[in-house]
Amino acid sequence: MKVFKNKYSVLLLMLLFILSCSSENAGTATDTGSETVTTDTGSDTVTTDTGSDTVTTDTGSDTGTVTVPENIQAECAYGLDVGDCNQSYTGDESGTTLDNDDSTVGFFDNGDYLSFENIDMTGANVLLINYAKGNTGGFVELRLDGVNGILIGTFTPQGTGAWTAWEEVKVAISQTSGLHTLYLVGTGADGIANFDWLDLETCIPQCNGLQCGDDSCGGSCGNCGNGFACSTDGQCEETGTGDWQLIWSDEFNGTGLPDQTKWEIKQWAPGTVNNEVQSYTSSTNNLNQNGGILDITALNNNGVTSGRIESKVAWAPAQDNSVSYRIETKSLMTGGGGAWPAFWLLGDEQGPYGGWPGCGELDIFEYVGNTGYFQCAAHDDYAINHTMQSYNPTNPETEWHVYGANLYGDRVEFFVDDYIFHTFYRPATWSQTNWPYTGKDGNTFHIILNLAIGGMMGGDVDYNDFPMVQKFDYVRVYQK
């Protein structure tokens, strides 16, 4: 046995012993000899405000699942009062409060976002929002897993009378499943809304015998057939569409490329707009008439190609409603990862209101193949300022529908199969520059048909889904 000669040797031995023990147990805080194992994942327990008492929710570290609270409380970073929270907000888990209990998010602005992680979206088809708004303008995009992630719905807050006058609204969202991070992204204006709380719900449509109209879940009870419109009591009634006179059309009865006396065929490189991955070509592989149908086909052959055409004639209603237009198409949507077909109107970018968005844009339909999300939209610098409205056509990828818009001097009505599901109105305090959707100053709108792939709205591209084919039976313009 070795004998230590002095106290420093003893201290050295003790130090080596301690280091040896530390090395053997480094990296774990788990006592395997006890009946209860405690593991700190950093997010085992979160505090949620359900709108009444504060409760503690155990996320369950053994299974990795997260319990979604009744209300996802959105908290303000500036205290208990509604204040200017002009920044981004993020929580570590679903239901995590953000800085202060029992407060609200005040003045949610363009570019602000709220994110809620690990939310089980299975079965949810409605987001119930308690909000307040004291002005006009702006909307909120509802996206999954990123500020530019898959769009599952939009919310356009309407004025509630004051910034502290709270109202609940149901917003229809595309159904998905599994755990996701839910993002609310502010777009188009400052002062979009104040938020109190959010609630994911599974809503069963209750039409109560109605043929059409509000289904109480943020959607519609159904559509009316051609020549009929939905009345205020939810019944399909015959419309006065006989007053419309056909002034321009393409029935796509030719062969090969569409009629170039009516359409300009665009040729663009990938990434020209909206981070889209396709190039637009003049090839019949991408634009082809066959049997009275125009096929716009997206292909993936040494790069993604697709088609876009723009009418050579343009129209705009009269300021006093003395001349109005009805523009429609009959179409069959394409699904597929990244598919983003659209039928829309664009103002004169060289005209009196300048380039986009001042010249105005009216999206009669935009469709997201990833999620089946459908919307109309209007974009300008003034009255509507990038406002969208979602809708749920029945089986749009397997059933043909008529999609269109009625353009009046004081409003734009969007319809599917003659059911007007949303109307944009000209502001009461209208001036010559805040409503570009008339021909008052010489602005006019031409028609665009295209199939974009990926980009800001199309989302992730699934290269196994090609070819993708968007079909158009006709495009017609009526006047009265």
Side-chain angles (χ1 to χ4, degrees), residues 244-270 272-274 276-301 303-316 325-336 338-349 361-367 369 376 396-397 399-405 407 416 444-453 455 458 466-479:
W244 295 103
Q245 300 298 317
L246 183 67
I247 61 169
W248 186 94
S249 71
D250 194 341
E251 305 296 321
F252 302 121
N253 288 328
T255 58
L257 292 173
D259 186 346
Q260 294 179 64
T261 66
K262 296 181 177 182
W263 302 99
E264 179 182 357
I265 298 175
K266 289 295 185 179
Q267 299 183 64
W268 286 0
T272 300
V273 293
N274 300 324
E276 297 161 14
V277 303
Q278 83 291 330
S279 60
Y280 287 130
T281 82
S282 59
S283 170
T284 53
N285 292 327
N286 300 116
L287 292 163
N288 188 53
Q289 298 176 104
N290 184 20
I293 303 296
L294 173 65
D295 290 340
I296 301 183
T297 303
L299 300 169
N300 181 32
N301 296 321
V304 178
T305 59
S306 189
R308 170 175 171 145
I309 58 175
E310 302 185 3
S311 68
K312 292 184 175 180
V313 185
W315 305 267
Y325 293 97
R326 176 186 180 93
I327 300 174
E328 67 180 34
T329 187
K330 187 176 181 181
S331 189
L332 191 66
M333 301 296 171
T334 180
W340 178 9
F343 174 61
W344 52 296
L345 311 176
L346 183 64
D348 184 359
E349 293 184 286
E361 173 185 331
L362 296 170
D363 300 320
I364 296 176
F365 73 66
E366 295 180 281
Y367 187 72
C376 69
E397 296 178 21
E399 297 178 10
W400 292 84
H401 293 283
V402 176
Y403 304 94
L407 278 61
V416 176
T444 56
F445 290 82
H446 60 274
I447 300 170
I448 302 175
L449 288 67
N450 71 290
L451 172 54
I453 303 297
F466 290 96
M468 306 174 192
V469 184
Q470 178 73 19
K471 293 180 176 291
F472 294 92
D473 186 8
Y474 61 77
V475 175
R476 297 172 183 169
V477 179
Y478 300 84
Q479 177 182 317

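Everything quoted here is computed from the prediction, not taken from an experiment. Atom set for the values below is all heavy atoms of this structure, side chains included, hydrogens, waters and symmetry mates excluded. Along the sequence shown, the residues carry numbers beginning at 1.
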Do the non-hydrogen side-chain atoms of [X] and [Y] ever get within less than 4.5 Å of each other?
{"X": "Leu287", "Y": "Pro258", "value": "yes"}
{"X": "Phe472", "Y": "Asp250", "value": "no"}
{"X": "Asn285", "Y": "Thr305", "value": "no"}
{"X": "Tyr280", "Y": "Gln267", "value": "no"}
{"X": "Trp268", "Y": "Glu276", "value": "no"}
{"X": "Leu345", "Y": "Trp315", "value": "no"}
{"X": "Trp344", "Y": "Ile364", "value": "no"}
{"X": "Ser306", "Y": "Ile296", "value": "yes"}

Ring pair (Phe, Tyr, Trp, His ring centres under 6.0 Å) partners for Trp263, two or more places apart: Trp248
Going by ring pair (Phe, Tyr, Trp, His ring centres under 6.0 Å), name the residues that satisfy it together with Tyr367, two or more places apart in sequence or in a different chain. none
Any pair with a residue in residues 469-479 that passes salt bridge (Lys or Arg N to Asp or Glu O under 4.0 Å), sequence neighbours left out, goes on the list, sorted by first then second residue, please. Glu251-Arg476, Asp295-Lys471
The test is side-chain contact (heavy atoms from CB on, under 4.5 Å); show your working for Ile309 and Leu294 and say whether it passes. CA-CA 11 Å; Ile309 58 175; Leu294 173 65; 3.8 Å; yes
To the nearest 0.5 Å, what is the distance between [atom1] ([X]) and [atom2] ([Y])?
{"X": "Asn300", "Y": "Gln278", "atom1": "CG", "atom2": "CD", "answer": "12.0 Å"}
{"X": "His401", "Y": "Glu328", "atom1": "NE2", "atom2": "CD", "answer": "14.0 Å"}
{"X": "Phe343", "Y": "Lys330", "atom1": "CZ", "atom2": "NZ", "answer": "14.0 Å"}
{"X": "Leu346", "Y": "Leu362", "atom1": "CG", "atom2": "CG", "answer": "9.5 Å"}

Indicate yes or no for a side-chain donor-acceptor contact from [X] to the backbone of [Y] under 3.5 Å, with no hydrogens or angles considered.
{"X": "Thr329", "Y": "Ser331", "result": "no"}
{"X": "Asn286", "Y": "Thr297", "result": "yes"}
{"X": "Gln470", "Y": "Thr334", "result": "yes"}
{"X": "Gln289", "Y": "Leu257", "result": "yes"}

Applying side chain to side chain donor-acceptor pair (under 3.5 Å) to Thr255 and not counting sequence neighbours gives none
With side-chain contact (heavy atoms from CB on, under 4.5 Å) as the test, would you mind laying out the steps for Phe365 and Val416 before giving the verdict? CA-CA 9 Å; Phe365 73 66; Val416 176; over 6 Å; no
Return the minimal non-hydrogen interatomic distance between [X] and [Y], and the atom names on each side.
{"X": "Ala316", "Y": "Phe445", "value": "CB-CD1, 4.4 Å"}
{"X": "Met468", "Y": "Ala339", "value": "SD-CB, 3.6 Å"}
{"X": "Phe466", "Y": "Leu299", "value": "CD2-C, 3.9 Å"}
{"X": "Trp400", "Y": "Ile293", "value": "CH2-CD1, 3.8 Å"}
{"X": "Tyr403", "Y": "Pro396", "value": "OH-CB, 3.9 Å"}
{"X": "Ala314", "Y": "Thr444", "value": "CB-OG1, 3.4 Å"}

Set of residues satisfying side-chain contact (heavy atoms from CB on, under 4.5 Å) with respect to Glu310, sequence neighbours excluded: Lys266, Arg308, His446, Ile448
Could you go step by step and tell me if Phe252 and Asn290 meet the side-chain contact (heavy atoms from CB on, under 4.5 Å) rule? CA-CA 8 Å; Phe252 302 121; Asn290 184 20; over 6 Å; no
Tell me, please, which residues at least two apart from Glu397 pass salt bridge (charged side-chain N to carboxylate O under 4.0 Å, His left out). none
